[in-house]
Protein chains: 2
Amino acid sequence: MIEPETSGRTPEAMLLVVEDEPSILELLAGSLRFTGFAVVTASNGADAIRAARRHRPDLIILDVMLPDIDGFDVARRLRSGGDRTPILFLTARDAVQDRVKGLTIGGDDYVTKPFSLEEVVARIRAVLRRFRGGGAEPPPRLVFAHLELDEESHEVWRDGRPVQLSPTEFKLLRYLMANAGRVLSKAQILDHVWNYDFQGDSGIVESYVSALRRKVDTGEPRLIHTLRSVGYVLREPPGGT
Amino acid sequence: MIEPETSGRTPEAMLLVVEDEPSILELLAGSLRFTGFAVVTASNGADAIRAARRHRPDLIILDVMLPDIDGFDVARRLRSGGDRTPILFLTARDAVQDRVKGLTIGGDDYVTKPFSLEEVVARIRAVLRRFRGGGAEPPPRLVFAHLELDEESHEVWRDGRPVQLSPTEFKLLRYLMANAGRVLSKAQILDHVWNYDFQGDSGIVESYVSALRRKVDTGEPRLIHTLRSVGYVLREPPGGT
DNA sequence: TCCCGACCTGAAAGTCCCCTGAACGCGAGC
DNA sequence: GCTCGCGTTCAGGGGACTTTCAGGTCGGGA
């Protein structure tokens, strides 16, 4: 069991990540720490329950396929012990859609494997938002220049007019908008927007950038800029290479 | 190229460089020491793990092709041992396709061989910044006279007005600005700005200096000075030999 | 002053990166 | 089973960038 830690800043929330496959645990924990969460981990159900009681995380990311106790059982035991911590389940795409769906009414949610980091982070924030509710919560909208994006409803507007985006286009735009002004390399984009098991490349990022431009960036000024052999950046024009 | 030691000033950070090819190891270690880093080295995976545990470097530069343990495995072993030192991977350009995916997620990054030293130093600083900082700190900028250069967004301003530079022009200017006041020989410039396996010359440095002057050094006072048969230097006018 | 090497600069050629439309296959929904 | 939307790959074309080169300029030493 690993102690919480982030690099310096005060964490946005404390997460417990429960996953038995080391590479995925590492991927999630590393990326979430880097995103600004404090993270503790467990790799089986028993440890998960102990860690939840000990660290009292704000949210639990819970694989449903664990070596000892099934993820749903972990959830059930916590709940029957009075623990109301919201849970984000990780499930295989084909498995147990119905069992999982019932869980989302309680404020919990699920993400199917293989996931993209963009997806997981978005869901985490959504669940935390719903759960904390009430107070001064950050609006679930990203705004940049004449673009507006609603993370919850998956709607996008350009100059106030709705734009239809495919799921991947939406994730790409969300990633760009969340990092507006920062240059993002193609590797970063692939790592965050595409599923972790995606192997190919062959210019898929270019394809999607092209599609996005057509849909949301035709007018002036241009917002999506190419930095040759460096990456892409979303920003208002004045700016050198 | 053996450079003098930097006299006594406290190093910017401690790096562990892991690379099995002696010539490249020497190139990297020497140049990084000269730049102001403290450097320890290892030339295989097992030594790398030992050195990481013993010296606790701020960052590890890790070749993925090692004689014993694959660089990715080295990283995995360190991580699973709780070590979260950021890593800058060195990979062959054609190996980028398959295994590089996922490397940028935890704050790590990679550079493809053959690299330029400028590139490596820039990436090192970027990774250290991300890893240490995170908070609301000003973007990393090089400033000299009326020139301003943002390493993160690749933007350059002259008298506050943006200037468009090609990637190589940008690297050259960054090298000059990072060494403002220091005379740089053409050989040094070639070694740092161009890839280490670059063979030709035929006045390519002159060409780029010329282009840079046209773009950022037309007004008065002149900043980029030629020292005949010695090199170039970026400094304000009163100039000696 | 002359000479020679070093340097400057614009242009040409070639390369590399990127953009875009089209084709293919897959899965979901009808 | 069929259709449609989506994700992915691929190839052609265009354009930015790199590198070379030649002709001109400059500066210093003899």
Side-chain angles (χ1 to χ4, degrees), chain A residues 92-94 97-98 112 114-116 118-119 154 163-173 183-187 189-190 193-218 222 224-233 240-241, chain B residues 93-94 96-98 101 112 114 116 118-119 154 156 163-173 183-187 189-190 193-195 197-218 222-233 239-241:
Chain A
R93 189 170 297 282
D94 44 340
Q97 297 276 331
D98 28 314
T112 58
F115 48 78
S116 72
E118 263 301 288
E119 202 52 44
H154 273 225
V163 178
Q164 299 289 341
L165 296 185
S166 79
T168 304
E169 288 163 356
F170 179 82
K171 283 196 279 186
L172 174 56
L173 181 59
V183 180
L184 302 170
S185 70
K186 267 185 280 195
I189 295 175
L190 268 178
V193 175
W194 270 262
N195 294 341
Y196 60 71
D197 68 344
F198 179 70
Q199 286 304 335
D201 173 3
S202 72
I204 198 168
V205 176
E206 285 96 327
S207 278
Y208 270 88
V209 168
S210 175
L212 256 194
R213 280 180 169 141
R214 188 165 1 103
K215 289 188 176 180
V216 305
D217 200 26
T218 49
R222 292 294 162 77
I224 303 176
H225 304 273
T226 303
L227 298 186
R228 201 156 227 273
S229 70
V230 177
Y232 296 93
V233 61
T241 264
Chain B
R93 189 171 297 282
D94 42 329
V96 168
Q97 197 85 20
D98 9 297
K101 172 131 178 48
T112 58
S116 70
E118 261 303 286
E119 200 54 43
H154 273 230
V156 172
V163 178
Q164 302 283 345
L165 297 185
S166 80
T168 303
E169 289 163 356
F170 179 83
K171 282 199 280 185
L172 174 57
L173 181 59
V183 179
L184 303 169
S185 71
K186 265 187 283 194
I189 294 175
L190 268 178
V193 176
W194 273 262
N195 294 343
D197 68 345
F198 181 72
Q199 289 303 336
D201 175 1
S202 72
I204 199 169
V205 176
E206 285 96 328
S207 276
Y208 270 90
V209 169
S210 174
L212 254 195
R213 279 179 168 140
R214 182 162 12 96
K215 289 187 176 181
V216 305
D217 200 26
T218 49
R222 291 296 160 78
L223 300 179
I224 303 176
H225 305 273
T226 303
L227 299 182
R228 228 179 145 71
S229 68
V230 177
Y232 297 92
V233 61
T241 287

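Letters A, B, ... are given to chains in the order of the sequence lines, protein chains preceding strands, and every chain is numbered from 1.
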Euclidean distance, atom CG of residue B/Leu190 to atom C1' of D/dT18 [Å, nearest integer]: 13 Å

Sugar-phosphate or base contact per nucleotide [nucleotides 7-25 of chain C; S, B, -; heavy atom under 4.0 Å]: SSBB------BSSBB----

Nucleotide D/dT8, atom C1' - distance to CZ of A/Phe198 in whole Å: 7 Å

d(CD, B/Gln199; P, D/dT18) in whole Å: 19 Å

Under the side chain to side chain contact (heavy atoms under 4.5 Å, CB included) test, residues paired with B/Lys171 that sit two or more places apart: B/Ser116, B/Glu118, B/Glu119, B/Arg174, B/Val193

Value in whole Å for how far the P atom of D/dT19 lies from CD1 of B/Ile189: 15 Å

Separation between CD1 of B/Ile224 and CG of B/Leu172, rounded to the nearest 0.5 Å: 7.0 Å

Residue pair B/Lys101 / A/Asn195: nearest heavy atoms and the distance that separates them: CE-O, 3.6 Å

Under the ring-ring contact (aromatic ring centres under 6.0 Å, His included) test, residues paired with A/Tyr232 that sit two or more places apart: none

Selection residues 200-211 of chain B - residue pairs positive for side chain to side chain donor-acceptor pair (under 3.5 Å), sequence neighbours left out: B/Lys186-B/Glu206

Atom of B/Val163, atom of B/Val216 and distance for their closest heavy-atom approach: CG1-CG1, 3.9 Å

B/Val233 side chain near B/Thr226 side chain, heavy-atom distance below 4.5 Å: no

Selection: residues 165-173 of chain A, any non-hydrogen atom under 4.0 Å of DNA chain D: A/Ser166, A/Pro167, A/Thr168

Length of the CD1-P vector between A/Ile204 and D/dC10, whole Å: 11 Å

Phosphate OP1/OP2 of D/dG7: any A/Trp194 side-chain N/O under 4.0 Å: no

Euclidean distance, atom CG of residue B/Asp201 to atom C1' of C/dA6 [Å, nearest integer]: 13 Å

Shortest non-hydrogen contact between B/Ala211 and B/Glu169, atoms and distance: CB-OE2, 3.7 Å

Sugar-phosphate, base or nothing in reach of B/Asn195, heavy atoms under 4.0 Å: nothing

Listed partners of A/His154 passing ring-ring contact (aromatic ring centres under 6.0 Å, His included), at least two apart: A/Phe170

